[in-house]
Structure formats: C-alpha cells, structure tokens
Peer 1: 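Can you read through this structure? Questions will come right after.
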Amino acid sequence: MKAGPPPFSSCQGGILVIKCNSNNIRAGRSAQREVYTLKYDFASLEPKWQKRWEEARVYAAQNGGEKPKFYGLVEFPYPSGQGLHVGHPRPYTAMDIITRKKRMDGCNVLFPMGFDAFGLPTENYAIKHHIHPAKVTRDNIANFTSQLKMLGFGIDWERVIDTTDPNYYKWTQWIFLQLYKHGLAYKATMPVNWCTSCKCVLANEEVVDGVCERCGSPVIRKEKSQWMLKITQYAQRLIDDLDEVDFVERVKTQQRNWIGRSTGAEVTFRATTGEEIVVFTTRPDTLFGATYMVLSPEHSLVRGWLEQGKIANGGQVEAYQQAAASKSDLERTELNKEKTGVRLEGVAGVNPVTGKEIPIFISDYVLSTYGTGAIMAVPAHDERDWEFAKKFGCDIVEVVSGGEDVQQAPFTAKDDSGVLVNSVFLDGMTVKQAIPAMTQWLEEQGIGKGKVNFKLRDWVFSRQRYWGEPIPMVYCETCGWQPLSEDQLPLVLPDVESYEPTDDGQSPLSKMTDWVATTCPCCGGPARRETDTMPQWAGSSWYFLRYMDPHNQEALASKEALDYWSPVDWYNGGMEHTTLHLLYSRFWHKFLYDLGVVPTKEPYKKRTSHGMILGEGGEKMSKSRGNVVNPNDIIAAYGADTLRLYIMFIGDFEQAAVWSDNAVKGCKRFLDKVWNLAESCQDSLEQSQDNAAALHKCIKKVADDIESMKFNTAIAAMMSLVGDFQKNGCTKGDMKALITLLSPFAPHIAEELWEMLGFYGALGFVCQQPWPEYDESKTVASQITMAVQVGGKLRSNIVVPADADNDAIVAAALADPKVQKFTDGMALVKSIVVPGRLVNLIVKPQ
RNA sequence: ACGGGUAUGAUGAAAUUGGUAAACAUGCUGGAUUUAGGUUCCAGUGCCGUGAGGCUUGUGGGUUCGAGUCCCACUACCCGUACCA
C-alpha cells in the first residue's frame with residue numbers, strides 16, 4: 001500500500017492516541033472523511049489474527065466427526081472488476097456471525113466461499129481491453145479474495161471454488177449430459193427473448209419490464225433454435241415441496257406466483273372448416289356463455305387457413321400478425337390498455353354445447369406460449385373478454401347470476417355467490433359446484449378434460465456468448481444431436497481470437513472452425529460441436545454441492561460428503577434471485593435427487609434474505625451515481641471490526657438500509673470503549689455482582705438475536721452492557737464474557753483483548769471457546785420498579801420487592817404522593833397489575 | 001390492476017402474549033479536559049407550556065382498564081407480477 005496507514009507503535013497495555021488525517025490514507029472518497037483518532041492499532045492486529053487463524057486452520061471444516069454439522073451458505077459473488085462493494089459484506093458478515101456462534105455452540109461448521117465467474121461483464125471487459133477473460137477473471141478473483149480476507153470471515157479457504165475452472169465445470173457439463181439423457185434437455189426452435197445489445201438470448205426470468213435485466217436494452221422476440229431445460233416437468237414438485245422448507249414467506253409466495261399453477265379444463269371446439277380448436281379455461285362452467293373465440297396471432301391454425309385461402313380478409317390478418325411479431329415485449333406491455341384484434345372472415349367456431357356458430361378473432365392479448373394459445377371468450381364473466389366484446393360488438397350472454405347487469409360490467413366471482421343460469425343442466429348450481437360438474441360432463445362426452453396449467457416456461461439454456469461453459473453436444477448430419485461421452489469431459493473452452501458476438505446471433509465459438517469440426521460420437525463421421533454456451537445460472541445451480549467435496553476428481557462430490565453435509569442448513573441471499581438462481585438450483589437438485597446423486601429432495605433447509613445497502617442519498621449504489629462505498633476505505637479508516645459492526649448495526653437485516661459515513665463512528669467508539677475497559681478492569685476472574693443481571697440478560701439476548709438475525713439489537717444490547725460496565729466498573733471475569741459475546745461480531749479485537757487479558761495462552765482462540773453460560777437466576781433482581789397508571793395514564797413509578805403480591809403493590813401505588821394527586825377524592829373501581837411491569841388504577845369520582 | 005411489504009424524533013432505528021413509546025446509535029446544544037482541533041467524560045435533546053400539566057407512532061373510526069401492536073375504512077411510498085384465459 002503506497003500511502004497506507006500512518007506508522008504505529010505498539011499500544012499493548014497503554015492508550016496510544018495517534019492522530020492521522022484521512023488525506024494520508026488514500027485518495028478519493030476517504031479524503032472527505034473526517035480526521036479521526038485511533039484508540040487501538042487495528043491495522044496491525046487484524047492481519048495478525050487473520051494469519052494466526054489461517055495457520056491454525058481454525059475454520060477448516062471436517063467431513064465427519066462427532067459434532068453436529070452446520071452448513072451455512074451465502075450466495076457466492078460474481079467477481080466484477082470493481083471489487084467488493086459495501087453491500088457484499090452485509091450477508092457475509094451475517095452468516096459469519098451465525099456460523100461463528102454455531103462453532104461456539106459446538107458444531108462442525110462449513111462456511112465456504114467461491115466465485116461465480118462466468119458472465120458477460122468479464123467478457124465485455126475482455127473485448128474492450130483485449131485481455132483474455134480467463135486472465136480478467138483470475139485478477140478479479142485475487143482482488144476479491146484479498147478483500148474478503150481483510151474482513152476476517154471465518155471462511156474455509158481450502159474449499160474455494162471457481163465456476164470457470166475446468167475441474168469445476170466438468171461437473172456442470174456432466175449434469176447437463178444427465179439432463180439430456182433423461183429427456184430434460186432438448187433443442188427447440190421457438191420465439192425467444194433476444195437482447196439487442198448483448199446479442200444474446202435471455203431466459204424469461206432475465207427479462208425485466210421488457211428490457212434486458214443486465215444492460216437495460218430492449219428485448220425483442222426472435223425465432224431461434226435453443227437448448228431448453230424442462231423445468232416445467234418439476235413445476236408441481238417445486239410448488240409442493242415449498243411446504244417442507246423454512247423459507248421466508250415472501251420467497252415462497254414469489255416462487256408460487258412465478259410458477260403460477262392454475263386448474264381448469266381443456267375444451268375442444270370445432271371450426272366451420274372442420275379443424276379442432278382446443279382451448280384452456282379455468283371456467284368450464286361458463287361454456288354456455290362462450291360467444292366468440294380468440295387465437296393468438298401466431299396460432300398454427302391461422303397459418304393453415306391463410307395458406308388455404310380460407311380467410312376472406314387474409315391481408316388484414318397478416319398485417320396484424322406482422323405488427324404483433326415486430327412489437328418488443330416493452331411495447332406489448334405498454335400498449336396493454338386498449339385491446340386490439342382482427343376478426344377472421346370466412347372461418348368461425350362452433351360452441352360445442354350450444355351448437356351455435358361463434359366468431360373467431362386473433363389478438364395479441366392471447367399468448368401463444370400459455371395454455372393452448374387459444375381461448376373461448378365469455379364476456380359476461382371475464383374482464384378482458386368483456387372489454388374486447390364491447391369494442392368488437394360481440395354478444396354478452398349471462399350464464400352466472402348474482403352480479404350486476406352483465407351488459408354494464410362483467411361478473412367474475414368464482415365463489416358461491418354466483419348461481420348458474422341459461423346453462424341447461426348446470427342451472428341452479430353455484431360456480432363452485434358447476435366447475436367440477438362440467439369438467440366431468442366434458443370428459444364423459446369426450447370433448448374436454450380437466451387440466452392443470454403453469455405459467456412457468458421451460459428454461460432457455462443456451463447463450464451466444466464465449467465466456468460460459470461449452471455445451472457438450474455434437475451435431476451429426478446422419479445421427480442428429482449426440483452427447484459427448486462422459487470421459488471426454490471437461491470439454492474445455494478453447495482460446496479464440498475475438499470474443500465479439502456476431503450480428504447474426506452466432507456465438508464467437510462458431511468462428512473456431514478447428515474446434516467446431518469434430519467426429520460424431522455415434523457414427524464416427526464428420527460432425528460439428530455446439531457453439532453456444534451455458535447461461536450464467538448453470539454454474540450456480542449446484543455449487544453448494546461442490547463445497548462439500550471440492551477436490552473430488554471422480555464425482556461432483558463423494559456420496560459420503562453429500563450424505564454428511566446435505567442439506568444446506570441455512571442459506572442467505574438476495575430477493576432478486578428468488579425466481580432465478582433459487583428456483584433453478586431447486587430444480588437441478590430435485591433432478592439429482594431423482595438420479596440418486598443427492599440424498600435430499602430440497603437443497604436448502606432454510607432461506608433468509610438481506611436488504612440492500614443504499615448510497616447516502618437513499619439511492620442504489622452505482623458507479624454512475626458515484627455513491628459506491630468501497631469497504632477497503634472503511635477498513636483503512638476504522639478497521640474491519642468497525643465495518644462489520646456498523647453494517648450489522650445499520651438497521652433491520654431484511655430491510656434496505658442507507659449507508660452513513662457518520663454513523664460508522666458510533667461503532668468505532670464502542671470498540672474503543674471495550675478496549676479501554678479491558679485495560680482498566682479489575683484483575684479478578686469472578687464476575688461482579690453489580691453487573692450480573694445485565695450481563696446474563698445480555699448473554700441471552702445476543703444468542704437469541706443472532707438466531708433471529710436481529711443483529712442490530714444484539715449490538716445495542718452489548719453497547720448497553722458496556723455502559724453498565726463503565727458505570728459500575730468491571731472485572732476481568734466480566735470482560736471475559738463480554739469479549740466472547742463480541743467475538744462473532746468483531747473477531748479481531750476480541751482475539752487481541754482475549755490475549756491481552758491472558759486467556760489465549762491457556763485457552764486458545766476466543767472463537768473456539770464455548771458460548772458463555774446463561775444463568776437465569778442471576779437476572780432477577782430483588783427490587784423492581786413498576787409504573788403506576790391512573791386511568792391508563794402514567795403518573796408515577798414505584799419500587800417494590802420482586803415477590804410483592806398484588807395487594808401490596810396496589811397499596812404501595814396508592815401511597816405514592818404523585819399518584820394521590822389523581823386519586824384524592826376518588827373511589828378505586830378496579831386495579832390491574834401486570835406482574836413486573838405496571839399497575840393501572842381505575843378510579844371514579846365519589 | 002393484482003399479490004406482498006412499509007409508515008414511529010432532526011437522522012438510522014428499538015419496543016415477548018396488547019402493558020412505562022422513542023432502547024441503542026448518529027446529529028445537535030451546553031459544560032469539563034485540551035494551546036487548539038479531534039478524542040474522552042458529564043448533562044440535555046419528541047412536540048406545546050415558565051409551571052402544574054397537556055399532546056404524540058401516516059389519516060379517520062372502533063374494541064379495551066390500557067393500542068405503535070388487534071379490527072374496519074382511507075392515504076402515501078417500496079418490492080414483485082404483468083392481458084397466464
């Protein structure tokens with residue numbers, strides 16, 4: 001470090017006050033930070049303990065043993081060029097505290113870290129600066145690693161993984177091959193989301209508000225041949241098994257909504273030209289009210305009718321199809337106010353129950369990708385159909401009574417408030433009764449059947465990019481797509497001249513003719529390799545398994561390791577991954593479970609989520625806003641312990657929090673106070689009487705708060721305790737307990753003080769001590785203060801013996817002069833005593 | 001539009017089953033120490049009022065001896081989904 005921290009002398013045993021100006025520290029933002037004073041020499045003691053921990057391998061996890069296992073996981077970072085920003089340490093510190101506490105509770109802890117290093121930013125950087133992405137990745141990982149180490153996390157660094165390492169992605173490819181062999185990976189040509197700027201397809205989950213999640217460019221629909229993964233086959237299980245896991249509720253609801261299960265029926269209509277038109281509906285009960293049909297513009301029947309010249313207004317229909325196809329997703333969502341469509345002239349549908357001819361429209365409000373791409377429209381009982389019918393003058397026929405006039409507004413209630421009318425054999429039934437009745441009838445008649453539909457689509461799994469896992473597939477003219485044999489893995493990403501994607505949507509790999517040309521694993525004839533690569537989400541879909549046995553060459557992890565560590569006991573990560581990574585990895589894990597590779601149905605027992613750290617203006621931190629806080633600056637100015645403490649003290653862990661440079665100081669002051677107390681405490685190993693109640697309450701509070709992730713109040717409790725120690729004085733015994741409580745939060749200073757007080761030599765590291773014992777009997781005081789209310793208003797406080805009975809408490813309250821002011825001349829009607837808290841006297845005039 | 005969440009001092013926020021609202025921290029004010037700044041320590045700091053006291057948890061109602069917490073209605077902001085038939 002060129003302009004690193006100012007020189008220090010050792011401050012063992014004495015208060016050393018060193019002035020240093022932040023200008024000395026580092027250029028940039030820290031130059032604005034105020035002048036501060038150092039109480040203790042964090043800059044040398046933090047690396048000292050980091051080194052000792054590493055040498056003693058205190059955080060290395062054992063695969064097996066007597067202790068109960070605990071696997072704590074955080075989402076591994078994408079090693080970007082900007083390095084760690086202050087948002088990263090929030091979840092990491094939280095899980096570090098949790099796992100440190102578990103270790104002190106006697107668990108064998110696995111707390112690993114790795115890098116999700118494939119991805120576009122690295123590739124783009126490589127293109128711009130003409131450096132190989134592998135080199136960029138290596139440098140970034142080195143930078144991230146040093147930053148993470150500076151924060152003093154109790155990570156098992158012997159298990160680090162990197163998704164771009166062929167030894168790792170060999171197994172990502174292996175899983176893909178298994179998916180292929182089990183029919184869950186397939187190639188299909190279909191309209192996909194195409195990012196115009198990344199020149200790359202996107203999964204549905206990666207399209208946000210009609211634009212690319214990463215770069216914000218418009219996304220258009222494009223027909224492309226893509227590898228797809230059949231996540232839909234697991235849709236039901238992905239919903240069902242949510243009941244078995246301990247995820248925060250909003251994650252569960254978001255996943256359920258995303259998967260979007262709905263039950264209904266498929267009904268077969270017939271066109272006047274003879275073809276069958278199958279529609280999906282959740283309201284088979286309203287079939288008698290179906291007065292027209294709508295097909296999606298892309299529907300194959302429409303294409304057929306056009307080709308056969310059956311549609312009188314074919315020109316109009318084709319124009320509408322073209323307009324719909326050229327709209328981007330963004331335009332579609334923006335223009336969703338007013339319904340558009342074209343009626344097909346010359347072709348009509350027939351309602352299978354009424355036998356009536358009904359018009360057919362095409363409209364982009366019917367999606368080709370959901371259900372059958374065709375609907376029966378019941379304008380009387382569906383908002384969209386009603387709106388469309390009004391605009392195009394379709395009949396509105398009431399089949400459920402109970403609402404307003406259906407000519408004025410649709411009646412959509414699905415409960416018992418509606419009763420069927422105009423529906424022959426359904427008349428008189430409630431909607432709830434009519435749905436199953438109709439479904440059954442349709443099945444008997446052979447014109448329909450019960451059906452469950454999901455919003456979830458299959459996962460588009462190929463990307464036209466360089467920096468990703470090669471897909472281990474080969475195309476042969478005679479044999480079609482063939483998987484590479486497993487002994488060929490890893491299929492290593494070749495070096496290319498240029499990483500630029502081509503405008504026609506080909507991966508840069510396609511230009512590597514030597515690499516592309518290969519032989520067919522099946523017939524030995526000439527064949528070519530797949531040149532698309534896997535999406536970023538591939539490597540992260542199973543990484544938590546690799547941590548269990550990261551160096552295994554024979555399998556993604558040994559059976560023993562998987563059996564021992566599975567499942568992840570506690571996984572913390574961002575809400576933004578709920579419908580992406582979290583869903584994808586649950587899918588892969590279920591597949592691996594079906595193969596017998598992993599022992600549990602679900603990968604994660606418990607899932608929690610952290611809030612974002614926002615810049616000082618309350619805005620998201622970003623390079624363009626210039627409000628990014630680099631943890632290195634804070635560490636240089638205050639030390640890692642202060643940063644860890646502040647980031648946990650900042651507010652509710654699940655809520656977004658605004659960074660404040662100023663408030664960091666409070667945490668530094670707190671550590672200074674702890675340091676001072678350690679230097680000035682009485683030389684007795686006994687815990688002092690005066691502090692006993694406060695200390696034992698604090699032991700319990702901190703333990704409970706860690707479990708429920710209320711780190712802010714845990715720290716507040718320790719701050720209060722320090723206040724008590726300052727007031728009452730404290731002993732070495734008191735400090736011993738406090739330092740132990742503090743160690744998961746501020747591990748470096750805790751170790752240093754532990755050594756300073758002479759415990760290190762005899763007992764070893766503080767992080768390996770058992771959690772202090774909590775003695776409830778010490779928390780009860782002999783005298784308690786109770787509030788006195790008169791008529792619900794606070795009037796006074798009284799001090800009574802802890803074991804006083806209600807009568808004695810009321811008598812004491814009535815005897816209080818401040819209370820008497822309000823009870824004089826009044827009669828006591830009632831008194832309520834809340835044990836240990838308050839007494840409320842209800843009085844009325846005499 | 002629907003689903004979920006949030007709303008408390010100047011600021012970040014606390015508050016078991018309904019039980020002393022504002023813990024803890026920042027900021028600010030005054031004082032002590034200091035050549036001075038910073039640090040440290042002490043006191044104060046929701047609002048109105050000299051005071052006794054009154055008022056106060058987005059707004060309006062309700063239940064209760066007692067409501068930030070429960071119920072009803074409303075408003076604002078945030079997140080998610082986006083015509084899913």
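Because only heavy atoms are used, hydrogens play no part in the values below, and waters and symmetry mates are left out as well, while side chains stay in.
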Peer 1: Taking side-chain contact (heavy atoms from CB on, under 4.5 Å) as the test, write out the residues that go with K793(A), two or more places apart.
Peer 2: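 Listed in chain order: R795(A).
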Peer 1: At less than 4.0 Å, is any side-chain N or O atom of N662(A) found next to OP1 or OP2 of G27(B)? Yes or no.
Peer 2: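 Yes, N662(A) has a side-chain N/O under 4.0 Å of OP1/OP2 on G27(B).
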Peer 1: Of all the nucleotides listed (A85(B), U20(B), G80(B)), which has the minimum atom distance to the side chain of L838(A)?
Peer 2: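 For L838(A), the side-chain atoms sit closest to U20(B).
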Peer 1: Report yes if at least one side-chain N or O of R669(A) is closer than 4.0 Å to OP1 or OP2 of U39(B); otherwise report no.
Peer 2: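 Answer yes for this pair, as a side-chain N or O of R669(A) is under 4.0 Å from OP1 or OP2.
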Peer 1: Pull out every residue in residues 704-712 of chain A that has a heavy atom closer than 4.0 Å to any atom of RNA chain B, ordered by number, or say none.
Peer 2: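 Under 4.0 Å from RNA chain B: K710(A), N712(A).
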Peer 1: To the nearest 0.5 Å, what is the distance between CZ (F745(A)) and CZ (F711(A))?
Peer 2: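 It is 7.0 Å, given to the nearest 0.5 Å.
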Peer 1: Listed by chain and number, what are the side-chain contact (heavy atoms from CB on, under 4.5 Å) partners of N712(A), not counting sequence neighbours?
Peer 2: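 So N712(A) forms a side-chain contact (heavy atoms from CB on, under 4.5 Å) with K710(A).
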Peer 1: Could you tell me the Watson-Crick or G-U partner of A1(B), where both distances fall under 3.5 Å? Say none if there is no partner.
Peer 2: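 The base-pairing partner of A1(B), which may sit in any strand shown, is U81(B).
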Peer 1: Report which part of the nucleic acid V834(A) touches: base, sugar-phosphate, or nothing (heavy-atom distance under 4.0 Å, all strands).
Peer 2: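 If one applies the 4.0 Å heavy-atom cut-off, V834(A) turns out to touch a base.
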Peer 1: May I ask which nucleotide in the shown strands pairs with G53(B), Watson-Crick or G-U wobble, both distances under 3.5 Å?
Peer 2: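 When the pairing criteria are applied, C48(B) turns out to be the nucleotide that pairs with G53(B).
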Peer 1: Report yes if at least one side-chain N or O of R250(A) is closer than 4.0 Å to OP1 or OP2 of G5(B); otherwise report no.
Peer 2: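 Result: no.
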Peer 1: Considering just the side-chain nitrogens and oxygens of K455(A), establish if one lies under 4.0 Å of OP1 or OP2 belonging to A85(B).
Peer 2: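 Indeed not, no polar side-chain atom of K455(A) lies that close.
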Peer 1: Below the 4.0 Å mark, does U20(B) have OP1 or OP2 next to a side-chain nitrogen or oxygen of Q789(A)?
Peer 2: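 The answer is no; no side-chain N or O of Q789(A) sits under 4.0 Å from OP1 or OP2.
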Peer 1: F411(A) vs H381(A) aromatic rings, parallel, tilted or perpendicular, using cut-offs 30° and 60°?
Peer 2: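 The rings of F411(A) and H381(A) stand perpendicular, inter-plane angle above 60°.
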Peer 1: Once you round it to whole Å, what is the distance between C1' of C78(B) and CD of E654(A)?
Peer 2: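 About 15 Å, once rounded to whole Å.
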Peer 1: Considering just the side-chain nitrogens and oxygens of R256(A), establish if one lies under 4.0 Å of OP1 or OP2 belonging to G80(B).
Peer 2: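 No, no such contact exists.
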Peer 1: For D652(A), which contact category applies under a 4.0 Å heavy-atom criterion: base, sugar-phosphate, or nothing?
Peer 2: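 Since only primed, P, OP1 and OP2 atoms lie under 4.0 Å of D652(A), the category is sugar-phosphate.
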Peer 1: Enumerate donor-acceptor pairs with a distance under 3.5 Å from any side-chain N or O in residues 697-706 of chain A to protein atoms, sequence neighbours excluded.
Peer 2:
unit_1: K700(A); atom_1: NZ; unit_2: D704(A); atom_2: OD2; d: 3.0
unit_1: K701(A); atom_1: NZ; unit_2: D705(A); atom_2: OD2; d: 3.1
unit_1: D705(A); atom_1: OD2; unit_2: T713(A); atom_2: OG1; d: 2.8
unit_1: D705(A); atom_1: OD2; unit_2: A714(A); atom_2: N; d: 3.2

Peer 1: Tell which nucleotide pairs with U35(B), taking only Watson-Crick or G-U wobble pairs whose two distances are both under 3.5 angstrom.
Peer 2: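 U35(B) is paired with nothing.
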Peer 1: Compare side-chain N and O positions of R795(A) against OP1 and OP2 of G54(B) and report whether any pair is under 4.0 Å apart.
Peer 2: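 It does, given that an N or O in the side chain of R795(A) lies less than 4.0 Å from OP1 or OP2 of G54(B).
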Peer 1: Restricting to pairs with a member in residues 715-727 of chain A, which pass side chain to side chain donor-acceptor pair (under 3.5 Å), not counting sequence neighbours?
Peer 2: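 As it turns out, there is no side chain to side chain donor-acceptor pair (under 3.5 Å) pair with a partner in residues 715-727 of chain A once direct neighbours are skipped.
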Peer 1: Should G18(B) form a Watson-Crick or G-U wobble pair with both distances under 3.5 Å, which nucleotide is its partner?
Peer 2: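 Pairing partner: none.
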Peer 1: So what does T281(A) touch, heavy atoms closer than 4.0 Å: a base, only the sugar-phosphate, or nothing?
Peer 2: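 Sugar-phosphate contact only.
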Peer 1: Let me spell it out: for each of V658(A) and M719(A), pick the nucleotide of RNA chain B with the closest heavy atom. Which residue's pick is nearer the 5' end?
Peer 2: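 On the 5' side of the pair lies V658(A).
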Peer 1: Do the side-chain N or O atoms of S262(A) get closer than 4.0 angstrom to the phosphate oxygens (OP1, OP2) of A85(B)?
Peer 2: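 Yes, such a contact exists.
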Peer 1: With sequence neighbours excluded, what pairs up with S363(A) under the side-chain contact (heavy atoms from CB on, under 4.5 Å) test?
Peer 2: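 Scan of S363(A) (side-chain contact (heavy atoms from CB on, under 4.5 Å), adjacent residues dropped) gives V294(A), Y320(A), Y365(A), F388(A).
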Peer 1: Tell which nucleotide pairs with C74(B), taking only Watson-Crick or G-U wobble pairs whose two distances are both under 3.5 angstrom.
Peer 2: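 Answer to the pairing question: G58(B), which forms a Watson-Crick or G-U pair with C74(B).
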Peer 1: Give me syn or anti for G9(B), where syn covers glycosidic angles within 90 degrees of 0.
Peer 2: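 That one's syn.
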Peer 1: Checking base pairs now: Watson-Crick or wobble, both atom distances under 3.5 Å. What partners A25(B)?
Peer 2: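 Across all strands, the one nucleotide that pairs with A25(B) is U11(B).
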Peer 1: Is any side-chain nitrogen or oxygen of K821(A) closer than 4.0 Å to OP1 or OP2 of G53(B)?
Peer 2: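 Indeed, a polar side-chain atom of K821(A) lies that close.
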